[in-house]
J.: 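Shown below is the structure under consideration.
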2 protein chains.
Amino acid sequence: MNKLSIEEKIAAAGLKLSQGKKEILEILEKNAPISVPEILSSLKTKKISLNKTSIYRALSTLIKKKLVSEIDLGEGKKRYEASSKEDHHHHFLCNTCQHIYHIRLDEMLVSKIEKNIESKNKFSIENHKIEFYGKCGDCG
Amino acid sequence: MNKLSIEEKIAAAGLKLSQGKKEILEILEKNAPISVPEILSSLKTKKISLNKTSIYRALSTLIKKKLVSEIDLGEGKKRYEASSKEDHHHHFLCNTCQHIYHIRLDEMLVSKIEKNIESKNKFSIENHKIEFYGKCGDCG
DNA sequence: ACTTAATATGCAACTATGTTGCGTTTGCAA
DNA sequence: TTGCAAACGCAACATAGTTGCATATTAAGT
Ligand SMILES: [Mn+2]
Ligand SMILES: [Mn+2]
Ligand SMILES: [Zn+2]
Ligand SMILES: [Zn+2]
């Protein structure tokens, strides 16, 4: 059903259709979460010139509109992935091949954990970040 | 029972008792997880001169010996906390006051989530990183 | 089509965290 | 006390990310 093109997604978000946002989204849609340096070299391969400053700025507006989400796996740099509005999920990073897998987990259990924390402390939890590390099937 | 002094902990780990390791551990023991820049200014306040390179190197050896653990809350820099050998726990970051709280959560539930993931995929999970964000009691 | 305002872009300079090489100093054990 | 490994300071470097400012592009409105 909801198969929007990149151009349509950008329009639907009320954003200007710039070369930057278009190319970046295109790259993000066919990759695992990637970093800005990786986006930069991917652009270079496609013979597209786009400044790193422009990339950071385009990503920033795309994130605000939830077309992109930012991931931090503790590598000292952020990663970005294309995101549709309702796809909250988590990641598994293979310590051997470094591949990043998207995983959807039982959010009921997560919610149970959060309730647990909230009852013991006086926190109100708005958000969580959960990642797993280990060995993937290819590397097992 | 196991109340070792900083000097004793360093000795027990088979490490040389250097000014750096001693002062750093002292600071870490009386603080929430802090970053290297913060350690640096904390040292300056105490009128102790220690180079940032030395701090990074001291932290690195302390981490290897599990006297310190490294935390990444996605702020673009690492944080460090004093750790005893068996205190695996997680953190809650208040989005308002930025305080970091240590939280111990029901690892049985976490384990259940992990089993779940492992059964659906062919991963073997070795490690996880779980953090919560929201509003703390003081800021509620 | 022509104008205009908002947004996007390039570039250079800058900030920040973290690392490396190397020469010197210090802790500690023989 | 002497010798070696570990620790240290310093400068230079690496990399991720930001800012200011001038110019270019986009999307409307005329
Ligand atoms: Mn993902
Ligand atoms: Mn902690
Ligand atoms: Zn793998
Ligand atoms: Zn708070």
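In this text, all values refer to a predicted model and were calculated from it rather than measured experimentally.
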J.: Generate the contact string for nucleotides 25-30 of chain C. Rules: B means base contact, S means sugar-phosphate contact only, - means no protein heavy atom under 4.0 Å.
T.: -BBS--
J.: Could you check how far CD1 of Ile48(A) sits from C1' of dT25(D), rounded to whole Å?
T.: 17 Å
J.: When rounded to the nearest 0.5 angstrom, what distance separates CG in Leu25(A) from CG in Leu59(A)?
T.: 9.0 Å
J.: Counting any heavy atom closer than 4.0 Å, what does Ser49(B) reach on the DNA or RNA strands: base, sugar-phosphate only, or nothing?
T.: sugar-phosphate
J.: Rounded to whole angstrom units, what separation is found between the CD1 atom of Ile55(B) and the P atom of dT17(C)?
T.: 12 Å
J.: Run the salt-bridge test on Lys77(A) and Glu38(A) with the 4.0 Å N-O cut-off and return the result as yes or no.
T.: no
J.: Could you tell me the separation between the CG atom of Leu40(A) and the P atom of dC11(C), rounded to a whole number of Å?
T.: 12 Å
J.: Would you mind telling me which of dT7(C), dT19(D), dT17(C) lies closest to the side-chain atoms of Lys21(A)?
T.: dT7(C)
J.: Expressed in angstrom and rounded to an integer, what is the separation of Glu7(A) atom CD from dT26(D) atom C1'?
T.: 14 Å
J.: Please state how far atom CG in Asn51(A) lies from atom P in dT23(D), giving the value in whole angstrom units.
T.: 16 Å
J.: What I'd like to find out is whether the side chain of Leu28(A) reaches to under 4.5 Å of the side chain of Leu62(A), using heavy atoms alone.
T.: no
J.: Using the side-chain heavy atoms of Lys77(A), tell me which of these nucleotides is nearest: dG10(C), dA16(D), dC8(D).
T.: dA16(D)
J.: Quick one: label Lys78(B) by what it contacts on the DNA or RNA (base, sugar-phosphate, nothing), any heavy atom closer than 4.0 Å.
T.: sugar-phosphate
J.: Between Ser54(B) and dG9(D), is there a contact of a side-chain N or O with OP1 or OP2 at under 4.0 Å?
T.: yes
J.: Distance check needed: dT18(D) C1' versus Glu75(B) CD, whole Å only.
T.: 17 Å
J.: Kindly give the heavy-atom pair with the smallest separation between Glu81(A) and Ile71(A), and that separation in Å.
T.: OE2-CD1, 3.4 Å
J.: If I take atom NZ in residue Lys65(B) and atom P in nucleotide dA7(D), what distance separates them, rounded to the nearest angstrom?
T.: 10 Å
J.: Working to the nearest 0.5 angstrom, can you tell me the gap between Cys136(B) SG and Gln98(B) CD?
T.: 10.0 Å
J.: To the nearest Å, give me how far apart CD1 (Ile39(B)) and P (dG18(C)) are.
T.: 10 Å
J.: Does the dG10(C) base have a donor-acceptor partner in the side chain of Arg57(A) within less than 3.5 Å?
T.: yes
J.: Evaluate the side-chain hydrogen bond (donor to acceptor under 3.5 Å, both in side chains) criterion for residues Lys120(B) and Asn116(B): first the C-alpha distance (whole Å), next the side-chain angles of each, then the deciding distance (0.1 Å), finally the verdict.
T.: CA-CA 6 Å; Lys120(B) 284 193 195 128; Asn116(B) 213 315; 3.3 Å; yes
J.: If you check the Lys52(B) side chain, which of dG18(C), dG17(D), dC10(D) turns out closest?
T.: dG18(C)
J.: Can we call the ring centroids of Phe123(B) and Phe132(A) under 6.0 Å apart?
T.: no
J.: Under 4.0 Å: is that the gap between some side-chain N or O of Tyr56(A) and OP1 or OP2 of dT18(D)?
T.: no
